[in-house]
Amino acid sequence: SITAGGSTLLMSGASKILTPSPQPLNNFTSSGTISPAGDFTVSGVFNISAGTFDASDKTITLSGSGTPLVAVGVFTASSSTIKYTGSSATNIAAATYNNLYLDHVGTTFTAAGNLTVGSVLTINTGTFDPLDRTITLSGSTTPFVISGTFTPSTSTVKYTGGPAVNITDLTYHNLTVDNVLTTFTAAGDLAVNSVITISSGDFDAADKTITLAGSGTAMLIGGTFTPSTSTIKYTGASATTITNTNYHNLTLDHSDIVFSAGGSFTVDGILNVNAGNFSALNRTITLSGSGTPYVVNDTFTAGTSTIKYTAV
């Protein structure tokens, strides 16, 4: 066992095992082939200066603020949990984690680079701001758990797990889903401030409201979009293209904005032009909903389009 006080523990050599003490280490520098025999805490800086540190299945708590993890060497996450608990502004090291856990009330945890989380990213308390980074979540089922705060800034959150993944209900900047074998299901109402990209796989919007606040082309589909009983709501602040796909409910909602049909599309619930100008251009808009499938509260510009009512 070891105790740290205000010291720095230096550990090097091949196939070495760190046997932790119940007391936190102050600073810990690893420069060999090292793995821990148990959970441990570093209250200052954990520096992987060279070699490989394999975290095994342990929980490593980094309670320092600033930059508490420096990985110049190789960090192997295995099935570990890395827990950041700094009491003031903390940088999350660019690395591949298994479980990543952020936990301190009042602290802003900022991504220092692109991150990958192989199992679960948990924002237990505090605020996670990924800035302009890409956060790749490759875990299955529910890989993103939030009881604290997520600030999207200009980041991209990319879900790549499988075979079934729940998309956490929150506001994203860019949202990408990408696994050809996976069904990605909206776990709640979502907002995307820039672009949602279905690169591969099936995105099932379930019965949720998906608000697309980006302008230009706010929805890109390379895989499959399953509308189920959802509402897709375009609210871009400048000219916006409506992606040609099948919708259940489709709402256009921003005053003085032109929403242009990017291709022919079908709405099997209600098409609602709540605010703005819907320009159908030369497209075919198929309305298969019953009752009143087309509601226009603002402007419809028909162009040379065909509006086709097909309810049985």
Separation between [atom1] of [X] and [atom2] of [Y], rounded to the nearest 0.5 Å:
X      : Y      : atom1 : atom2 : value
Tyr247 : Ile210 : OH    : CD1   : 12.0 Å
Asn91  : Phe109 : CG    : CZ    : 11.0 Å
Thr245 : Phe265 : OG1   : CZ    : 10.5 Å
Tyr294 : Leu250 : OH    : CG    : 10.0 Å
Ile17  : Thr33  : CD1   : OG1   : 10.5 Å
His104 : Asn124 : NE2   : CG    : 12.0 Å

### Task
Begin from the C-alpha positions of Ser43 and Phe28 and carry the test side chain to side chain contact (heavy atoms under 4.5 Å, CB included) through to its verdict.
CA-CA 9 Å; Ser43 61; Phe28 172 43; over 6 Å; no
Taking ILVMFWY side chains as joined if any heavy atoms are under 4.5 angstrom apart, and letting links pass through other members, which residues group with [X]?
X      : answer
Val295 : Ile270
Val72  : Val45, Val70
Val180 : Leu181

For [X] and [Y], indicate whether the former's side chain and the latter's backbone hold a donor-acceptor pair under 3.5 Å.
X      : Y      : value
Thr306 : Thr284 : no
Tyr101 : Val120 : no
Asn26  : Ser7   : yes
Ser65  : Ser88  : yes
Arg283 : Ser305 : no

Same hydrophobic cluster for [X] and [Y], using side-chain heavy-atom links shorter than 4.5 Å among ILVMFWY?
X      : Y      : value
Ile60  : Leu18  : yes
Ile221 : Tyr234 : yes
Met11  : Ile48  : yes
Val74  : Ile82  : no

### Message
side chain to side chain contact (heavy atoms under 4.5 Å, CB included) for Tyr84 and Leu100? Distances and angles first, verdict last.
### Response
CA-CA 8 Å; Tyr84 287 82; Leu100 174 59; 3.6 Å; yes
[X] and [Y]: side chain donor to acceptor below 3.5 Å:
X      : Y      : answer
Thr301 : Asn277 : yes
Ser80  : Asn98  : no
Asp178 : Thr160 : no
Thr251 : Asn274 : no

### Summary
Applied to residues 259-270, the side chain to side chain donor-acceptor pair (under 3.5 Å) test, sequence neighbours excluded, yields His248-Asp268
#### Entry: Step-by-step side chain to side chain contact (heavy atoms under 4.5 Å, CB included) determination, Ile92 to Tyr97
CA-CA 11 Å; Ile92 307 303; Tyr97 299 88; 3.7 Å; yes
### Query
Where is the tightest heavy-atom contact between Ala94 and Gly113, given as atom of each residue plus distance?
CB-CA, 3.6 Å
### Query
Can you tell which of Asp202, Asp204, Thr226 makes a side chain to side chain contact (heavy atoms under 4.5 Å, CB included) with Thr185?
Asp204
### Query
Under the side chain to side chain contact (heavy atoms under 4.5 Å, CB included) criterion, do Ile285 and Leu271 qualify, and how do the steps go?
CA-CA 10 Å; Ile285 312 301; Leu271 169 56; 4.1 Å; yes
#### Entry: Charged N-O contact under 4.0 Å between Asp253 and Lys233
yes
Could you pull out every donor-acceptor pair under 3.5 Å between side chains of residues 186-196 and any protein atom, sequence neighbours left out?
unit_1 : atom_1 : unit_2 : atom_2 : d
Asp189 : OD1    : Thr209 : N      : 2.9
Ser194 : OG     : Asn174 : OD1    : 3.1

Quick one: does [X]'s side chain get under 4.5 Å of [Y]'s, heavy atoms only?
X      : Y      : result
Thr61  : Thr59  : yes
Asn27  : Leu25  : no
Phe278 : Val296 : no
Thr52  : Ile34  : no

### Task
Can you establish whether the number of heavy atoms outside Lys158 located under 6.0 Å from its atom NZ is more than 12?
no
Less than 3.5 Å apart, which donor and acceptor atoms pair up between the side chains of residues 133-146 and the rest of the protein, not counting sequence neighbours?
unit_1 : atom_1 : unit_2 : atom_2 : d
Arg133 : NE     : Ala111 : O      : 3.4
Arg133 : NH2    : Ala112 : O      : 3.1
Ser138 : OG     : Val117 : O      : 3.4
Thr142 : OG1    : Asn166 : ND2    : 3.1

